[in-house]
Visitor: 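One structure coming up, written as structure tokens, with questions to follow.
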2 protein chains.
Amino acid sequence: MATLEQVAFRAGCSLATASRVLNRNGPASDLMVRKVRRAAAELGYHSAGRLGRRPVVGVLIPSITNPVFASSLSSIQNRMLVAGHGVLIAQSNYDPAREADAVAALLNDRPTGLILTVCDPSTSQALLARLPPTVLLNNLPTAQFPAAVTADNRGAGREITAFLIGMGHRRILFLSGNFAASDRAHLRYRGYLDAMAESGLTALDVMQIPFVNGFDQLDLGMPMNSLAPTAIIASNDLLALGVIGALKREGLSVPGDVSVAGFDGIAIGRLIDPPLTTIEMPDASMGATAASLLLDMAENAAPARHLDVAYTLRRGGTVRAI
Amino acid sequence: MATLEQVAFRAGCSLATASRVLNRNGPASDLMVRKVRRAAAELGYHSAGRLGRRPVVGVLIPSITNPVFASSLSSIQNRMLVAGHGVLIAQSNYDPAREADAVAALLNDRPTGLILTVCDPSTSQALLARLPPTVLLNNLPTAQFPAAVTADNRGAGREITAFLIGMGHRRILFLSGNFAASDRAHLRYRGYLDAMAESGLTALDVMQIPFVNGFDQLDLGMPMNSLAPTAIIASNDLLALGVIGALKREGLSVPGDVSVAGFDGIAIGRLIDPPLTTIEMPDASMGATAASLLLDMAENAAPARHLDVAYTLRRGGTVRAI
DNA sequence: CTGAAAGCGCTTACAG
DNA sequence: CTGAAAGCGCTTACAG
């Protein structure tokens with residue numbers, strides 16, 4: 001186990017300076033910061049203190065009960081276990097205002113690094129503080145936080161819409177959770193707009209549905225007349241399942257009367273009959289990638305990177321050609 | 001922030017003895033152990049060390065991606081946040097052999113306490129070591145670990161079976177995941193046997209389905225002739241959804257040809273059409289209860305208790321009277 | 001089983 | 001911005 005003294009010696013500075021750099025209190029020149037960080041990384045120093053606590057990383061996600069984030073979290077934990085790091089969790093419950101507090105709580109555990117999924121990285125208050133090495137997961141990188149692991153949500157929106165258009169659909173409705181709670185939903189919607197414009201079709205007004213502990217009470221209240229959409233794209237699979245349930249309650253069949261598609265590729269979508277047509281997002285693989293990137297940054301002082309992981313279109317049975 | 005010195009003073013012993021008691025190394029008389037623990041609890045002492053790390057608790061569950069455990073974990077985290085504790089996660093992946101390692105990893109973080117869901121508490125190697133205050137969640141208490149939060153799984157198995165019998169079913173099949181991976185499934189099965197015996201019916205041979213990353217490839221391979229079951233009880237909702245999908249692929253309708261019921265009450269079960277008939281388990285409430293019990297034990301030296309939380313039968317549309 | 005004391009690893013005024 | 005040094009909170013041989 002490396003001590004601070006060894007780090008200071010290797011960095012060619014005093015114990016005091018090394019301590020200040022690693023704890024981000026007190027002043028330190030850029031040069032010293034680099035030297036000390038590098039020495040600490042080379043020695044595998046963890047400021048675990050006398051007590052020998054295992055190093056930990058903090059993970060912030062909107063909700064553990066959403067299978068998308070549960071999948072990421074699970075593979076983050078598996079990757080971190082191998083690396084000898086504990087994983088601490090925090091939830092924002094899709095509320096941007098809670099993100100800063102959640103991250104502050106995580107910082108109380110002196111994590112080696114953070115993996116964060118926020119509602120909107122450009123406005124999140126959680127990203128203002130000076131943080132340990134941080135990887136954004138499912139959010140696009142910012143100037144201050146250039147390390148990110150994403151899938152191309154806009155491209156995915158474009159692709160699923162183009163797929164529906166290719167199946168003969170023209171009146172396609174985009175149904176979304178609240179954009180303020182998910183920049184992913186917003187990006188998917190923009191992809192929808194792209195594809196509609198490219199085909200010279202008129203985009204319908206987006207419907208935003210506030211997420212209130214699940215979508216099982218969903219009431220579309222849509223006039224299902226000749227002007228009604230022939231296809232609905234839901235901004236995520238849970239919402240898509242809610243839509244299918246709501247349509248059935250209104251006496252409409254899927255895909256007989258209306259086609260439905262989603263995003264995410266949650267496991268449940270394969271169980272229902274017919275299986276859900278969706279864009280399968282590589283959540284588990286993205287989680288593992290984010291974990292590896294964070295470890296590389298924190299332990300080897302590797303540079304921040306933006307990694308994009310490929311999605312795939314899964315043709316289920318909830319879309320039919322017309 | 002209380003120091004060890006204050007604890008030692010209050011306990012009327014030396015720093016050295018207080019240190020030994022709280023770290024469970026070195027010898028200490030029973031009297032001293034009690035005195036020091038009590039003083040530490042009264043002062044709210046946390047051996048966070050100079051670094052002022054927040055105290056943490058460790059949670060072991062079979063899998064984060066199972067919505068049942070995700071629900072418990074989420075409410076544990078919410079409860080612990082209020083109490084100022086971090087939450088560390090570990091997964092066994094339903095493998096009893098991995099439980100001991102997972103708990104050992106958690107212990108590296110010096111948790112204030114543990115909340116554990118194991119495959120079988122009577123045989124789990126994770127429960128042999130000397131552990132900090134520990135609450136079993138979803139497992140029955142043992143002599144050595146008398147703190148537990150459970151629902152009455154046997155009673156639930158009895159009730160759902162009795163409900164099906166009341167609906168006129170006689171040939172009722174119990175379909176289960178692997179008993180070795182879940183004592184809950186086994187208890188539910190025993191409840192099924194109870195109810196069948198009480199009504200003088202012959203229990204059918206239980207089918208055990210190994211869980212391999214989801215049930216979407218499920219093949220029942222059942223001869224659906226006149227001797228086939230009229231109702232199937234799946235040991236959990238995910239399996240029930242897999243069964244419904246498999247039946248539909250074989251051209252059978254639910255509940256037209258076969259009735260299906262499950263256990264757990266996962267959110268998805270309300271979204272499908274018809275909604276799943278199931279025993280709704282209070283997973284979120286159980287998680288919060290386990291968290292509160294653990295805090296009470298760790299911070300107030302409260303005695304270990306066994307708390308049972310009530311379940312409810314949710315009548316969906318997947319069971320019909322015959 | 002217990003305590004006095006040495007000493008570890010770290011932080012933090014203080015001086016420059 | 002940096003370092004020498006005091007000192008905090010804890011652990012751990014050692015002696016009894």
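Nothing here was measured: the structure is a model prediction, and the numbers come from that model. Order of the sequence lines fixes the chain letters, A, B, ..., with proteins taken first and strands second; residue numbering starts at 1 for each chain.
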Visitor: From CG of A:D30 over to P of D:dC1, roughly how many Å is that when rounded to an integer?
Guide: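 Going from CG in A:D30 over to P in D:dC1 covers 9 Å.
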Visitor: Got a sec, which residues hit side-chain contact (heavy atoms from CB on, under 4.5 Å) with B:P141, two or more places apart in sequence or on another chain?
Guide: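 Applying side-chain contact (heavy atoms from CB on, under 4.5 Å) to B:P141 gives B:A148, B:H306.
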Visitor: Run through DNA chain C and report every stem of 3 or more consecutive Watson-Crick or G-U pairs, distances under 3.5 Å, ordered by first number.
Guide: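 Expected stems, ordered by start: C:1-3 with D:14-16, C:5-12 with D:5-12, C:14-16 with D:1-3.
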Visitor: Donor-acceptor pairs are to be reported for all side-chain atoms of residues 284-299 of chain A against protein atoms at under 3.5 Å, with residues two or more places apart or in another chain.
Guide:
residue: A:T289; atom: OG1; partner: A:S285; partner atom: O; Å: 2.7
residue: A:S292; atom: OG; partner: A:R79; partner atom: NE; Å: 2.8
residue: A:S292; atom: OG; partner: A:A288; partner atom: O; Å: 3.2
residue: A:D296; atom: OD1; partner: A:N300; partner atom: ND2; Å: 2.7
residue: A:D296; atom: OD2; partner: A:R305; partner atom: NH2; Å: 3.2

Visitor: Rounded to whole Å, how long is the line connecting atom CD of B:Q6 with atom P of D:dC10?
Guide: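 Answer to the nearest Å: 9 Å.
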Visitor: Can you list, in residue-number order, the parts of residues 11-21 of chain B that come under 4.0 Å of DNA chain D, counting heavy atoms only?
Guide: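 Here the set is B:A16, B:S19, B:R20.
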Visitor: Find the distance A:F9:CZ to D:dA4:C1' and express it as a whole number of Å.
Guide: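 These atoms are roughly 18 Å apart.
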Visitor: Under the rule for side-chain contact (heavy atoms from CB on, under 4.5 Å), what residues qualify as partners of B:D95, not counting sequence neighbours?
Guide: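 For B:D95, the residues satisfying side-chain contact (heavy atoms from CB on, under 4.5 Å) (neighbours in sequence not counted) are B:A97, B:R98.
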Visitor: Using a cut-off of less than 4.0 Å, is there contact between a side-chain N or O of B:T3 and OP1 or OP2 of D:dC8?
Guide: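 False: B:T3 side-chain N/O out of range (4.0 Å or more) of D:dC8 OP1/OP2.
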Visitor: I'd like to check the salt bridge (Lys or Arg N to Asp or Glu O under 4.0 Å) partners of A:R37; sequence neighbours left out, ordered by chain and number.
Guide: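 Listed in chain order: nothing, the list is empty.
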Visitor: Rounding to a whole Å, what distance do you find between A:E5:CD and D:dA5:P?
Guide: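 For the pair A:E5 CD and D:dA5 P, the rounded distance is 14 Å.
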Visitor: Please report, rounded to the nearest Å, how far the C1' atom of C:dG9 is from the CG atom of A:L43.
Guide: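 Interatomic distance, CG of A:L43 to C1' of C:dG9: 15 Å.
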Visitor: Whole Å only: how far is the CG atom of A:L4 from the C1' atom of C:dG9?
Guide: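 Distance, rounded to whole Å: 8 Å.
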Visitor: Under the salt bridge (Lys or Arg N to Asp or Glu O under 4.0 Å) test, which residues partner A:R10, sequence neighbours left out?
Guide: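 A:R10 satisfies salt bridge (Lys or Arg N to Asp or Glu O under 4.0 Å) with A:E42 only.
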Visitor: Any donor-acceptor pair under 3.5 Å linking the side chain of B:H186 with the backbone of B:R184?
Guide: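 Checked: no pair found.
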Visitor: Please identify each residue that fulfils salt bridge (Lys or Arg N to Asp or Glu O under 4.0 Å) with A:E5, with sequence neighbours left out.
Guide: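 None.
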Visitor: With B:P62, which residues qualify under side-chain contact (heavy atoms from CB on, under 4.5 Å), at least two apart?
Guide: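 Here the qualifying residues are B:F69, B:S92, B:Y94, B:T117.
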